[in-house]
Amino acid sequence: MSLQRIDKILSHEGFGTRKGIKKLLRVSEVTVNGTKVTDTGFLVNPDRDVISVDGEELCIRKNHYIMMNKKKGYVSANKDGQHPTVFDLLDESYRTPYLQENLHLVGRLDMDTEGLLLFTTDGALTHRMTSPKSHSPKSYFVRLAKEENADSRKRIAEIFERGVRIPPEDNEPEADCKPAKINWLDEKENVLTITEGKYHQVKRMFRAVENEVVYLKRLTIGPLRLDENLQLGEYRELTEEEVDRFLNPCSD
């Protein structure tokens, strides 16, 4: 990690705004490698230097990666004038000036869709995952309005594997989808895996085969799987192993 200003690091770690950090450096014991620091522009290497505030050593994270089990009724956005957002579910520790500016979503879910949602401050990861060239697989548990018999389930699987043309919706025109894989669990339920993220894609795919999605839950994004212990609306930071697997999917 490159050199960074001490006020930026402390703000990142939740010690207040840049203006507040200036006061902190004046009235508190802030040290770098045991030496007291009062200059807000003092440069620090977070990978090597030891930063302490009033004797307590900071554990500096390069980035945040947060998994949430999204619940219905919440919009995948920072702000919304009519509905609560998924950011409203985060506690005060995620409302530092740094995180309010830099924490964002990797992809989105419709307001009525549940399941895996990822927050991060890692812009490079977000760019990679949301790029049209990424082809990162995402799987969804799907419950349909109408039952499909064995023949129709086979027909739908073949259509999806070839790539289905989805109808227009709202301001989005009809479009061709890349091949997708469906695993039928019974006549109404299945797990669908897609490699792109068109607007309302899963719902439009089933509409194209004359059925309707009545319940939708995202289960995976790339190698990351939703923690089954997370209740709706709950979240947690990813483990180091999960982060490594997510950032280096070809290393296994």
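These numbers were taken from a predicted model, which means no experiment stands behind them. The residues of the chain are indexed from 1 along the displayed sequence.
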What's the spacing between [X] [atom1] and [Y] [atom2] if we round to 0.5 Å?
X: Tyr140; Y: Gln201; atom1: OH; atom2: CD; value: 8.0 Å
X: Glu196; Y: Lys138; atom1: CD; atom2: NZ; value: 8.0 Å
X: Ile182; Y: Met205; atom1: CD1; atom2: CE; value: 7.5 Å
X: Arg204; Y: Lys198; atom1: CZ; atom2: NZ; value: 8.5 Å
X: Leu103; Y: Asn78; atom1: CG; atom2: CG; value: 8.0 Å
X: Glu114; Y: Lys72; atom1: CD; atom2: NZ; value: 5.5 Å

To check you understand the geometry: which heavy-atom pair defines the closest contact between [X] and [Y], and what is its length?
X: Ile21; Y: Ser11; answer: CD1-N, 4.0 Å
X: Gly73; Y: Pro84; answer: O-CG, 3.5 Å
X: Val191; Y: Ser139; answer: CG1-CB, 4.1 Å
X: Met68; Y: Leu90; answer: CE-CD2, 4.0 Å
X: Phe87; Y: Ala77; answer: CD1-O, 3.1 Å
X: Thr239; Y: Glu242; answer: N-OE1, 2.9 Å

Please collect all side chain to side chain donor-acceptor pair (under 3.5 Å) contacts where either partner lies in residues 21-44, sequence neighbours excluded, each pair once.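 Matches after skipping sequence neighbours: Asn33-Asp49.
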Sub-4.5 Å side-chain heavy-atom contact between [X] and [Y]:
X: Val106; Y: Ile221; value: no
X: Glu57; Y: Ser52; value: yes
X: Leu10; Y: Leu58; value: yes
X: Asp112; Y: Lys203; value: yes
X: Asn229; Y: Arg236; value: no
X: Asp91; Y: Tyr235; value: yes

Pick from Glu148, Glu189, Glu212: which one makes a salt bridge (Lys or Arg N to Asp or Glu O under 4.0 Å) with Arg143?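 Exactly one pass, corresponding to Glu189.
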Output a table of donor-acceptor pairs, distance under 3.5 Å, between side-chain atoms of residues 169-177 and any protein atom two or more places apart or on a different chain; print 'none' if there are none.
unit_1: Glu169; atom_1: OE1; unit_2: Arg207; atom_2: NH1; d: 2.6
unit_1: Glu169; atom_1: OE2; unit_2: His200; atom_2: ND1; d: 2.5
unit_1: Asp170; atom_1: OD2; unit_2: Tyr199; atom_2: OH; d: 2.3
unit_1: Glu174; atom_1: OE2; unit_2: Arg165; atom_2: NH2; d: 3.3
unit_1: Asp176; atom_1: OD1; unit_2: Arg165; atom_2: NH1; d: 2.8
unit_1: Asp176; atom_1: OD2; unit_2: Arg165; atom_2: NH1; d: 2.9

Here's a test for you: under side chain to side chain donor-acceptor pair (under 3.5 Å), which of Asn63, Thr126, Asn102 qualifies with Thr121?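 Single side chain to side chain donor-acceptor pair (under 3.5 Å) partner of Thr121 among Asn63, Thr126, Asn102: Asn63.
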As a quick check of understanding, evaluate side chain to side chain contact (heavy atoms under 4.5 Å, CB included) for Lys71 and Gln231, giving each step before the final call. CA-CA 9 Å; Lys71 61 194 291 190; Gln231 299 300 308; over 6 Å; no
Using the rule that Ile, Leu, Val, Met, Phe, Trp and Tyr join whenever any side-chain heavy atoms are under 4.5 Å apart, tell me whether [X] and [Y] fall into a single cluster.
X: Val202; Y: Met111; value: no
X: Leu125; Y: Leu116; value: yes
X: Trp184; Y: Leu192; value: yes
X: Val75; Y: Leu118; value: no
X: Met67; Y: Leu219; value: no

Go through it in stages, so that I can follow the logic: the residues are Leu144 and Asn190, the test is side chain to side chain contact (heavy atoms under 4.5 Å, CB included), and I'd like the CA-CA distance, side-chain angles, deciding distance and then a yes or no. CA-CA 9 Å; Leu144 299 172; Asn190 62 78; 4.0 Å; yes
Taking the side chain from [X] and the backbone from [Y], do they hold a donor-acceptor pair closer than 3.5 Å?
X: Thr85; Y: Lys79; value: no
X: Lys70; Y: Thr113; value: yes
X: Asn69; Y: Leu230; value: yes
X: Arg218; Y: Gly115; value: no
X: Thr120; Y: His64; value: yes

From CA spacing to verdict: side-chain hydrogen bond (donor to acceptor under 3.5 Å, both in side chains), Tyr74, Asp88: CA-CA 9 Å; Tyr74 286 79; Asp88 295 331; over 6 Å; no
Can you list the steps and then say if Lys188 with Glu147 is a salt bridge (Lys or Arg N to Asp or Glu O under 4.0 Å)? CA-CA 5 Å; Lys188 283 189 175 182; Glu147 292 186 359; 5.2 Å; no
Looking at Glu158 and Arg155, does any basic side-chain N land under 4.0 Å from a carboxylate oxygen?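 A salt bridge is absent here (no side-chain N lies under 4.0 Å from a carboxylate O).
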Stepwise side chain to side chain contact (heavy atoms under 4.5 Å, CB included) test for Leu238 and Leu224: CA-CA 9 Å; Leu238 298 191; Leu224 183 64; 3.9 Å; yes
Set out, in order, the CA-CA distance, both residues' side-chain angles and the distance that settles side chain to side chain contact (heavy atoms under 4.5 Å, CB included) for Leu25 and Phe42, then state yes or no. CA-CA 11 Å; Leu25 292 171; Phe42 187 87; over 6 Å; no
For Arg225, does the CZ atom have more than 12 heavy-atom neighbours from other residues, nucleotides or ligands under 6.0 Å away?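 Counting other residues, nucleotides and ligands, CZ of Arg225 stays at 12 neighbours or fewer.
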